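These numbers come from a predicted model, not from an experiment. We use all heavy atoms of the structure for the numbers below, so side chains are in, but hydrogens, waters and symmetry mates are not.
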Amino acid sequence: MEKLPKIALPAVFILIALVILISKSAVTIGSGEAGVLYKTFGGGVVTDKPPLGEGFHIVAPWNKVYVYEVRQQELFEKMKVLSSNGLEIQIDASAWYQPVDVELGILHQNLGENYLDRVIKPAIRSAARSVVGRYTPEQLYSSKRDAIQDEIFAETKKILDKQNVQLNEVLVRDVTLPNTIKEAIERKLRQEQESLEYEFRLVTAKKEAEKVTIEAQGKADANRILSASLTDKILQDKGIDATLKLSESPNSKVIVVGGGDAGLPIILGNN
């Protein structure tokens, strides 16, 4: 094999050096990510410009790029906190968060890549302790789940807005009480439900009785009015009208006028 010319060796070394230099200078930012540029000889973290976006970038080989995920992420926390009367309650909650994209350089400078443990977890734990401490176990178990969720979100967001982190949602997935307290609350709720059902039955029975009484009184009043208005003369007229209608029928009959009680006609048919 022929030896390479001596003039070609420097070119090979230069080419290798260029490849190494480019590999050190090339940075690829993936989807849902952003890069914070650190200038070793230019003032450190770049905070006055937007972070590097997705795609291919060339930076000076002596600089560094710190890549952050800027998509929404989820933190799941199991927290033991105290209720207003000092009982230990376990809260299972999720927080949806993401770094503020345009403030990523400031976030990196102040908190670094471990900002989740440094600020987000302490913030949500502090908010949960503060909020749950305002309520009794019974309120937490039954009617205040949505309220504590909204309040934990509001208090956590107030903290994180100052730390260049965007909080999107807090979800309280479960509230676990001591078994003895849970059983006592469930027993009380059952008793209250049974009491409400009993009161409903009493009210329904009372209304039904009132309805029957009103209907009976109405019928009695109608009969009394009718009895007072039916004189002998009216009954005779009604009897005569009925007799005339029957006499118009095609059946054979004999009508004896004035032969009945109170002078009413008597109708004698074939049968």
Side-chain angles (χ1 to χ4, degrees), residues 29-38 43-54 64-179 181-182:
I29 308 296
S31 59
E33 296 177 339
V36 175
L37 180 61
Y38 178 86
V45 178
V46 176
T47 59
D48 57 347
K49 294 180 181 179
L52 302 178
E54 299 174 0
K64 295 180 181 179
V65 175
Y66 296 90
V67 179
Y68 283 79
E69 184 174 0
V70 294
R71 285 177 291 208
Q72 177 174 279
Q73 302 164 67
E74 181 178 21
L75 165 66
F76 180 76
E77 280 284 279
K78 284 182 175 288
M79 299 168 283
K80 291 187 177 181
V81 293
L82 299 180
S83 65
S84 61
N85 55 1
L87 289 174
E88 188 176 76
I89 311 294
Q90 179 172 298
I91 300 290
D92 295 350
S94 291
W96 295 348
Y97 70 94
Q98 60 193 107
V100 179
D101 194 342
V102 296
E103 300 172 3
L104 198 57
I106 301 174
L107 173 68
H108 179 74
Q109 190 175 55
N110 293 337
L111 298 174
E113 296 172 287
N114 197 26
Y115 68 94
L116 173 63
D117 291 326
R118 287 183 174 178
V119 69
I120 297 180
K121 288 182 179 180
I124 193 171
R125 290 169 184 169
S126 173
R129 284 194 298 269
S130 173
V131 171
V132 173
R134 303 168 192 162
Y135 296 100
T136 64
E138 185 175 352
Q139 290 173 320
L140 297 170
Y141 183 74
S142 56
S143 59
K144 296 298 184 180
R145 180 77 62 88
D146 291 340
I148 65 170
Q149 179 172 285
D150 294 341
E151 290 177 26
I152 291 173
F153 170 77
E155 295 204 12
T156 307
K157 182 175 175 59
K158 191 186 301 182
I159 298 172
L160 295 184
D161 282 347
K162 302 174 184 178
Q163 302 294 334
N164 314 109
V165 177
Q166 176 180 317
L167 182 67
N168 298 331
E169 192 66 83
V170 170
L171 303 175
V172 175
R173 300 186 179 275
D174 192 26
V175 176
T176 305
L177 306 179
N179 288 333
I181 302 301
K182 180 179 178 181

V132 vs I91 side-chain heavy atoms within contact, under 4.5 Å
yes
State, yes or no, whether a side-chain contact exists between N168 and Q98 at a heavy-atom distance under 4.5 Å.
yes
Output, in order, the C-alpha distance, side-chain angles, deciding distance and verdict of side chain to side chain contact (heavy atoms under 4.5 Å, CB included) for L87 and L82.
CA-CA 5 Å; L87 289 174; L82 299 180; over 6 Å; no
Step by step, would you call S31 with R71 a side chain to side chain contact (heavy atoms under 4.5 Å, CB included)?
CA-CA 9 Å; S31 59; R71 285 177 291 208; 4.1 Å; yes
Would you say L104 and V70 make side-chain contact, with heavy atoms under 4.5 Å?
yes
Would you be so kind as to tabulate the donor-acceptor pairs closer than 3.5 Å made by side chains of residues 47-54, with sequence neighbours excluded?
from	atom 1	to	atom 2	distance (Å)
E54	OE2	G32	N	2.7

Any side-chain heavy-atom pair of Q166 and V100 under 4.5 Å
yes
E77 and R125, any side-chain heavy atoms less than 4.5 Å apart:
yes
Trace of the side chain to side chain contact (heavy atoms under 4.5 Å, CB included) decision for S83 with T136
CA-CA 6 Å; S83 65; T136 64; 6.0 Å; no
Could you pull out the closest heavy-atom pair between E151 and V131, with the gap in Å?
OE1-CG1, 3.6 Å
Could you pull out every donor-acceptor pair under 3.5 Å between side chains of residues 114-123 and any protein atom, sequence neighbours left out?
from	atom 1	to	atom 2	distance (Å)
D117	OD1	K121	NZ	3.0
R118	NH1	L111	O	2.3

Mind running side chain to side chain contact (heavy atoms under 4.5 Å, CB included) on I152 and I124 for me, showing each step along the way?
CA-CA 7 Å; I152 291 173; I124 193 171; 4.3 Å; yes
Quick one: CD on Q163 to CD on E103, what's the gap to the nearest 0.5 Å?
11.0 Å
Kindly indicate whether the side chain of I148, heavy atoms from C-beta on, has any atom under 4.5 Å from the side chain of Y135.
yes
Smallest heavy-atom separation, W96 atom then L171 atom, equals CZ2-CD1, 3.5 Å
Quick one: are Q72 and Y97 in side-chain contact, heavy atoms under 4.5 Å?
no
Passing option when D92 is tested against K80, R173, K78 for salt bridge (charged side-chain N to carboxylate O under 4.0 Å, His left out)
K78
Side chains of N85 and P137 in contact at under 4.5 Å (non-hydrogen atoms)
yes
Examine distances only and state if a side-chain atom of Y68 and a backbone atom of E113 form a donor-acceptor pair shorter than 3.5 Å.
yes
Gap separating the CG atom of L167 from the NZ atom of K157, nearest 0.5 angstrom
6.5 Å
If you take all heavy atoms of D101 and A34, which pair is closest and at what distance?
OD1-CB, 4.0 Å
From I106 atom CD1 to H108 atom NE2, the distance as rounded to the nearest 0.5 Å
12.5 Å
